[in-house]
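Beneath this line is the structure, given in structure tokens, with notes to follow.
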Amino acid sequence: MAKIIRMSKEQRENLVAYLDGELEDPAAREIEQVLASSPVARHDVDMLSRTWDLVGELPHVSVTQEFTGKTLDSIAASRTGPWVDPDSISRNSRRILGLAVAGMILVAAGTVGFLATNRWIPNEAEEILNDYEILMELDKYREVGDPENLRKLQEFREFNEAEDDSP
Amino acid sequence: MLRAKKGDDGAFTQLVTTYQDRLVGVLTHLVSDRQGAEDLAQEVFLKIYKSRHGYEPTAKFSTYLFRIANNLASNRRRDRGRKREVNLPGSESGPLGAPPAEQVLAESSSLMPTRRFDRTEIQSVVQDALESLNDNQRMAVLLNKFEEMSYIDIAATLDLSVAAVKSLLSRARENLRVKLEPYVTQGHWTPQG
């Protein structure tokens, strides 16, 4: 009479993995030994297999064209919603970057232009400011006329000062 | 998916047509409601489309697809669970609801021990047996049976360890065995190829 071997909890758990081809050695070999010696284990495996086959009787599902159409429509509709196409983000980014670069070029050109005109093109107001002191005395200079008169006037002043200083 | 990620909408359409039957099939058996499964599948495809630019091919696409499907199905079950708490008193089938097909068939089978069931009846029995499993067990069974997913892929889909999947499937298969064994031992059903 064959000796009845009771499967351990772990072996029972391994039984399904064994049937699924997911059990590796040495656990798989252990199950094979149990199956070889235990009619109870063989019955369990048989029942597990047959009931598993029964699950395969569940109906196969095929969707209709309508389902496919609805699914693709819902996806197409999502494009106009809050979701933003990353491609358009990169297009916008490129546009903004282009505008920023153009702006920077414009500012740089303006700065260069300002500096150039400031240095090399004569500025009338600046000339007036530079000659301000002369211009304020221009009437006097006109009255004096020839610079020779100024020299004479200077000599005359020195003469008077010398006279004042004499005892 | 990588082509869809780069903006190829035609590639995404191809993904939908390739996976729609498989997805709706698994979801139909998961939620036991064809219309609900189709709504959920549309939601899954829409979610994948919207997040396609962030897709990283770290696993098989089918694993990614069913992972999202499982998450959305769980959220929906949770939402429905909250609603059901309010709707419970409105049940028209008595305090325990309608008897499952399995119970009805078992009762009729006890009256007619030699009766053989037709395919629709047995499908109903199997669906009831599936519904007796918890959510993770049911999804693991469906992925294992219909998607022929490995334990590693099921683990990635359900966000579990491989050891947890092994244990989960063992318990699920044992539960199914208990529920369905009478139908295979008494000869009520033999596969018709």
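To find a chain, count down the sequence lines: A is the first, B the second, and so on, and within it residues start at 1.
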For [X], which atoms come within 4.5 Å of any heavy atom of chain A: side chain, backbone, both, or neither?
X	value
B:R171	neither
B:E174	both
B:S150	both
B:V141	both
B:T28	side chain

If two hydrophobic side chains count as joined below 4.5 Å and joins carry through other members, does [X] share a cluster with [Y]?
X	Y	result
B:L143	B:V24	no
B:F146	A:V63	no
A:V61	B:L40	no
A:V40	B:V178	no

Quick one, [X] and [Y] - any side-chain contact, counting heavy atoms below 4.5 Å?
X	Y	answer
B:K179	A:T51	no
A:T71	B:Y49	no
A:F67	B:Q42	yes

What part of [X] lies closer than 4.5 angstrom to a heavy atom of chain B: side chain, backbone, both or neither?
X	result
A:L58	both
A:L19	side chain
A:D44	both
A:E13	both

Could you measure the distance from the [atom1] atom of [X] to the [atom2] atom of [Y]? Nearest 0.5 Å is fine.
X	Y	atom1	atom2	result
A:L54	B:Q123	CG	CD	10.0 Å
B:R177	A:M47	CZ	CE	8.0 Å
B:L180	A:L48	CG	CG	11.0 Å
B:F12	A:L72	CZ	CG	8.5 Å
A:E22	B:N144	CD	CG	7.5 Å

Do you know which of B:L130, B:L46, B:T120 has the most heavy-atom pairs with chain A at a distance under 4.5 angstrom? B:L46

Quick check for you: among B:A41, B:S167, B:A37, B:G25, which has the greatest number of heavy-atom pairs under 4.5 Å with chain A? B:S167

Main chain of A:V16, side chain of B:R173: is a donor-acceptor contact present, judged purely on distance under 3.5 Å? no

Taking atom NZ of B:K145 as the centre, does the number of heavy atoms from other residues, nucleotides or ligands within less than 6.0 Å exceed 12? yes

Evaluate A:K70 against B:E38 for salt bridge (Lys or Arg N to Asp or Glu O under 4.0 Å), listing each step before the verdict. CA-CA 10 Å; A:K70 269 191 199 170; B:E38 289 195 357; 6.0 Å; no

Enumerate by number any residue of residues 15-23 of chain B whose heavy atoms lie under 4.5 Å from heavy atoms of chain A; in the absence of such residues, state 'none'. B:V16, B:T17, B:Q20, B:D21

